[in-house]
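In what follows, a single structure is set out as structure tokens and then discussed.
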Amino acid sequence: MHSRIRRNNLVAAAAALALAATAVVAVGAAAQRRGAPEGIGRALRQLDLTNEQQRAIRGAVQQHRESGQALRQQLGAARRALRDEVQSGAADETAIRARAAELAPLAADAAVRRAALQAEIQALLTDEQRARLEEIRANAGENDGRRRQQRRDRRGR
């Protein structure tokens with residue numbers, strides 16, 4: 001009986017981990033589908049970019065979007081396969097782990113591509129614009145933390 005309870009707890013934990021990983025990857029993939037790293041588009045609009053910088057950034061994003069199309073399709077298929085396995089009701093830990101293992105390198109590749117695009121974009125900015133971008137990101141992080149805390153407070157936690 002105890003081994004069955006432990007097995008059920010392990011399967012539940014694996015399913016929860018798989019769902020959490022899927023959510024994290026989905027957020028990144030959604031941002032990548034929009035063609036820019038997470039949140040950078042909004043921040044860039046606050047930097048008074050020159051027309052030349054705007055064209056160069058648009059070109060980099062477009063090139064990134066086109067060259068990453070196959071990866072996005074593979075990532076989507078792997079994400080759907082993991083979701084389907086988790087939601088199948090079978091709670092097959094081995095199958096869930098296998099699907100998660102298929103997803104992990106694709107998610108890593110996507111993260112590396114996003115980081116490379118961010119580096120390419122930052123190289124197009126002036127020192128002042130890069131400093132301002134970091135300031136915007138820091139403020140956004142603080143605001144996100146405040147919003148999360150406010151939601152917790154409303155729920156009584």
Side-chain angles (χ1 to χ4, degrees), residues 3-47 49 53-125 129-131 133-145 147-149 151-152:
S3 65
R4 199 164 96 211
I5 291 172
R6 268 189 250 139
R7 185 177 144 267
N8 287 346
N9 287 343
L10 181 60
V11 169
L17 178 62
L19 284 173
T22 302
V24 168
V25 171
V27 168
Q32 191 172 6
R33 278 194 304 275
R34 290 188 303 269
E38 296 115 52
I40 198 166
R42 185 178 313 129
L44 289 174
R45 286 190 288 275
Q46 299 177 45
L47 296 182
L49 299 172
Q53 286 175 312
Q54 289 175 14
R55 277 193 297 278
I57 290 170
R58 250 186 253 117
V61 168
Q62 182 62 32
Q63 191 278 329
H64 175 81
R65 183 182 301 132
E66 291 168 1
S67 67
Q69 184 174 2
L71 176 59
R72 282 190 306 279
Q73 290 171 345
Q74 292 173 325
L75 192 55
R79 220 176 6 304
R80 285 187 296 278
L82 176 59
R83 183 193 62 227
D84 292 347
E85 193 63 51
V86 168
Q87 294 176 351
S88 72
D92 181 347
E93 178 184 351
T94 303
I96 292 169
R97 288 184 182 277
R99 294 296 185 192
E102 292 168 5
L103 178 62
L106 296 171
D109 289 346
V112 168
R113 287 181 51 77
R114 285 190 307 274
L117 177 59
Q118 280 195 7
E120 190 175 340
I121 289 171
Q122 286 205 9
L124 296 168
L125 302 177
Q129 288 169 326
R130 278 192 290 276
L133 180 60
E134 289 306 312
E135 182 183 311
I136 291 167
R137 285 179 171 165
N139 288 337
E142 291 172 12
N143 290 338
D144 288 346
R147 282 191 291 271
R148 278 192 298 275
Q149 184 61 48
R151 282 193 300 269
R152 283 192 295 269

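If you read the sequence from its start, that first residue is 1, and numbering goes on from there.
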(request) Just jot down the salt bridge (Lys or Arg N to Asp or Glu O under 4.0 Å) partners of Arg58, sequence neighbours excluded, or say none. (result) none

(request) Check whether any side-chain heavy atom of Leu124 sits under 4.5 Å from a side-chain heavy atom of Leu49, and report yes or no. (result) no

(request) List for me each residue that meets side-chain hydrogen bond (donor to acceptor under 3.5 Å, both in side chains) alongside Gln46, sequence neighbours excluded, and say none if there are none. (result) none

(request) Tell me yes or no: between the side chains of Arg65 and Gln62, is some donor less than 3.5 Å from an acceptor? (result) yes

(request) Could you pull out all residues at least two apart from Thr94 that satisfy side-chain hydrogen bond (donor to acceptor under 3.5 Å, both in side chains)? (result) none

(request) Please name the pair of heavy atoms, one in Ala60 and one in Glu120, separated by the smallest distance, quoted to 0.1 Å. (result) CB-OE2, 3.3 Å

(request) Please report the shortest heavy-atom distance between Ser67 and Arg113, naming the atom on each side. (result) OG-NH2, 2.9 Å

(message) Among residues at least two apart in sequence or on other chains, which ones pass side-chain hydrogen bond (donor to acceptor under 3.5 Å, both in side chains) with Gln73?
(response) none

(message) Between Gln53 and Gln129, is there a side-chain heavy-atom distance shorter than 4.5 Å?
(response) yes

(request) Go through the structure and list residues passing side-chain hydrogen bond (donor to acceptor under 3.5 Å, both in side chains) with Glu85, not counting sequence neighbours. (result) none

(request) Flag the pair Ile121 / Val61 as yes when at least one side-chain heavy-atom distance between them is below 4.5 Å, and no otherwise. (result) yes

(message) If the condition is salt bridge (Lys or Arg N to Asp or Glu O under 4.0 Å), which residues does Glu102 pass it with, not counting sequence neighbours?
(response) Arg99

(request) Determine, step by step, whether Leu47 and Ile136 satisfy the side chain to side chain contact (heavy atoms under 4.5 Å, CB included) criterion, reporting the C-alpha distance in whole Å, the side-chain angles of both residues, the deciding distance to 0.1 Å, and the verdict. (result) CA-CA 10 Å; Leu47 296 182; Ile136 291 167; 3.9 Å; yes

